[in-house]
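Structure, as structure tokens:
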Protein chains: 2
Amino acid sequence: MKQSDASWGPPRPERADAARNRQHLIATAREMLAELGPDRLTMDALAERSGLGKGTVFRRFGTRAGIFGALLDDGERVFQEQVLCGPPPLGPGAPPLDRLVAYGHARIRFLLEHREIARSALDGRQAVPAGSQSPLSRTHIRMLLGQIDLGPANLDLLAVQLTAALDGPLLLYLSATTLTRSPQQSERQLSDSWQDLVRRVCRP
Amino acid sequence: MKQSDASWGPPRPERADAARNRQHLIATAREMLAELGPDRLTMDALAERSGLGKGTVFRRFGTRAGIFGALLDDGERVFQEQVLCGPPPLGPGAPPLDRLVAYGHARIRFLLEHREIARSALDGRQAVPAGSQSPLSRTHIRMLLGQIDLGPANLDLLAVQLTAALDGPLLLYLSATTLTRSPQQSERQLSDSWQDLVRRVCRP
DNA sequence: GGCGTAACCGGACTTTACCCCGCTTATTCG
DNA sequence: CGAATAAGCGGGGTAAAGTCCGGTTACGCC
């Protein structure tokens, strides 16, 4: 397997040193994030601390948001795997409505577990990475909606609406400067209202 | 009406020169936006073109996003007036469910009418105002929800969800680099799916 | 009308994301 | 193994956001 499979991934395999640098940069970014907070995690500082050049940092991540995106993607890969081929009700095998509810719970849990990073990503003056419309979420929700009998409805737009309805409260919670409620309590509330919304929308 | 009504607005009346400068800055910003596009509308350029100092620009708008916010607020004031004391079904007097539907239609229409500005606001490397979850929308939706019998439900969170579900598709449409559909067609689609969602959520 | 104060103005300064281009090095092929 | 080459690397350079503070000006009060 060279670059023959055109379906996915970078056409060329990453060069060895590049891959090593990416690893190193992500690790360093994690350190700095935990140690200094998101504001002090600047491109220059990351370059210097990792002992690499500024250009390298930008080539790897493209933009500042790319760093946080990369940090999130690390975990997101595992998450998506669970969704696509994990056990029900999250994975295949359960009724689509149950999967829809479970997906929301899982996403809420995932983002709350990584809330430090997720918050950093939208912290400051930066474009929202997955915030506005994470395409993976939308695609999956759209797919599940197609398996539910909803009568006449624009499923594509409904999927966008539900994705937004799932992310909206999360973003609101994450962007709140003072997190009034405990994560557990919030997870409960967010999950409950997601379940309530989905049930309301999908009942016959 | 000076500053006697404590409910809204800056506690102190703006100084005369400050007000004049604000007007002038907003007008100049409109010109530049139409003439140069959002990318070339920088704080420095705005300051120079308006003949004022950079400090002034920042004091008036706080941040770059503040400029676009100010531009939108101009029209939004009229819009909010319609919502609060205009004729039904948007204004008071109609059943709350109808008002909810009408509110969505009105907001969609409003943002599509000002889509150039709205798009500019989220264009580039800007924090999405949806992250802040347009609080006026949410408040109004929350109020209307309170007048509908929905059984046991967390109305606050439901309001957040619906606000997001209203804004999400709009943002998606606005941020699309190539606007495939005509504004009229999009307005129709967006309005229809909003109505559909609200009906689904609120039916007994 | 004169005065004190507080808000306002200006523009230099700092910080930081992002670009550019000559140099270095990993990879590949004879 | 050694040369060709293409990707990767480095760090100085640019532009634009946001800050600061000394000087100026409008407003309230006497």
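Reminder, nothing fancy here: chain letters follow the sequence lines and each chain counts from 1.
Between the P atom of D:dA15 and the CZ atom of B:R64 lies a distance of 16 Å, rounded to the nearest Å. B:R59 has its CZ atom 16 Å from the P atom of D:dT24, to the nearest Å. Here D:dG11 presents its C1' atom at 15 Å from CG of A:L46, a figure rounded to the nearest Å. If you measure from atom CZ of A:F58 to atom P of C:dC20, you get 13 Å, rounded to the nearest angstrom. Spacing between atom CE of B:M43 and atom C1' of C:dG10 amounts to 15 Å, rounded to whole angstrom units. Atom CD in B:E48 sits about 15 Å away from atom C1' in C:dA12, given to the nearest Å. Rounded to whole Å, the distance from NZ on A:K54 to P on C:dC21 is 16 Å. Going from atom CG of A:D44 over to atom P of C:dC18 covers 11 Å, rounded to whole Å.
Ion pairing between a basic and an acidic side chain is recognised when a charged N comes within 4.0 Å of a carboxylate O; B:R77 and B:D73 show no such pairing.
OP1 and OP2 of D:dA17 both lie 4.0 Å or more from every side-chain N or O belonging to B:T63. The side chain of B:T56 contributes no N or O atom lying less than 4.0 Å from OP1 or OP2 of C:dC8.
Near DNA chain C, meaning a heavy atom under 4.0 Å from it, residues 15-25 of chain A has A:R15, A:A16, A:D17 in order of number.
Considering all non-hydrogen atoms of both residues, B:R99 and B:V83 come closest at NH2-O, 3.2 Å. The shortest heavy-atom contact between A:S193 and B:L157 is OG-CD1, 3.5 Å.
Sequence order on DNA chain C of the closest nucleotides to B:L52 and A:T42 puts B:L52 first from the 5' end.
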Walk me through it: do A:L158 and A:L145 pass the test side chain to side chain contact (heavy atoms under 4.5 Å, CB included)? CA-CA 8 Å; A:L158 184 55; A:L145 286 178; 3.9 Å; yes
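A:W194 places no side-chain N or O within donor-acceptor distance of the main-chain N or O of A:Y103, the cut-off being under 3.5 Å.
The environment of A:E31 atom CD is dense: over 12 non-hydrogen atoms of other residues, nucleotides or ligands sit within 6.0 angstrom.
Note: A:F110 and A:F79 have parallel aromatic rings, judged against thresholds of 30 and 60 degrees for the angle between ring planes.
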